[in-house]
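Quick caveat: nothing in here was measured; it's all calculated off a predicted structure.
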Amino acid sequence: MSKQKDPKLERAGVSGYNKPKRTPNHPTKSHVVVAKEGDKTKTIRFGQQGVSGAGASPKTEKEKARQKSFKARHAKNISKGKMSAAYWADKVKW
């Protein structure tokens, strides 16, 4: 018995729910994910095209300050969970 694939997954071009993917040809956003929480699904585009975060392990003081500022600035939205773009940007880019 084969399961019907969600059209949102196909349109976004991702392999499954909650699996972010780079979108190099998108004009403004760098990543896309089809977020699923319970029975709700939502296509989320996030991240500024051409800009990298400081990464998971920033080396210089400047990178550490950028990471700290991002997390402070978006803390309220990050805490909203998987259905927010800030959550995915924090997880993938920072």
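Taking every heavy atom of both residues into account, Lys76 and Ser79 meet most closely at O-OG, 2.7 Å. When all heavy atoms are compared, the tightest approach of Ala85 to Arg45 is CB-O, 4.2 Å. Closest of all the heavy-atom pairs between Pro20 and Phe46 is CB-CZ, 4.1 Å. Closest approach of Lys21 and Gly13 over heavy atoms only: NZ-O, 2.8 Å.
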### Message
Run the side-chain contact (heavy atoms from CB on, under 4.5 Å) test on His26 and Val32 for me, step by step, so that the C-alpha distance in whole Å, both residues' side-chain angles and the decisive distance to 0.1 Å come before the verdict.
### Response
CA-CA 10 Å; His26 193 274; Val32 65; over 6 Å; no
### Message
Determine whether Gln67 and Lys93 satisfy the following criterion, side-chain contact (heavy atoms from CB on, under 4.5 Å), listing intermediate values before the conclusion.
### Response
CA-CA 10 Å; Gln67 184 183 51; Lys93 296 192 79 139; over 6 Å; no
### Message
Quick one, Lys82 with Asn18, criterion side-chain contact (heavy atoms from CB on, under 4.5 Å). Give me CA distance, side-chain angles, the key distance, then yes/no.
### Response
CA-CA 8 Å; Lys82 290 180 184 175; Asn18 301 327; 3.8 Å; yes
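Tyr17 and Val33 are not part of a single hydrophobic cluster, where members link through side-chain heavy atoms under 4.5 Å apart. Val34 is not connected to Trp88 by any chain of hydrophobic side-chain contacts under 4.5 Å among Ile, Leu, Val, Met, Phe, Trp and Tyr, and they are in different clusters.
Interatomic distance, OG1 of Thr41 versus CG of Leu9, reported as 8.0 Å (0.5 Å rounding). With values rounded to the nearest 0.5 angstrom, Arg66 atom CZ is found 12.5 Å from Lys71 atom NZ. One distance of note links CD of Gln48 with OG1 of Thr28; it measures 9.0 Å at 0.5 Å rounding. Once rounded to the nearest 0.5 Å, the distance linking OH of Tyr87 with CD1 of Ile44 reads 10.5 Å. In this structure, CE in Met83 is found 10.0 Å from NZ in Lys36, a value given to the nearest 0.5 Å. The distance from the OG atom of Ser84 to the NZ atom of Lys42 is 7.5 Å, given to the nearest 0.5 Å.
A salt bridge links Glu61 to Lys64: at least one charged side-chain nitrogen sits closer than 4.0 Å to a carboxylate oxygen.
Arg73 CZ: more than 12 foreign heavy atoms inside a 6.0 Å radius.
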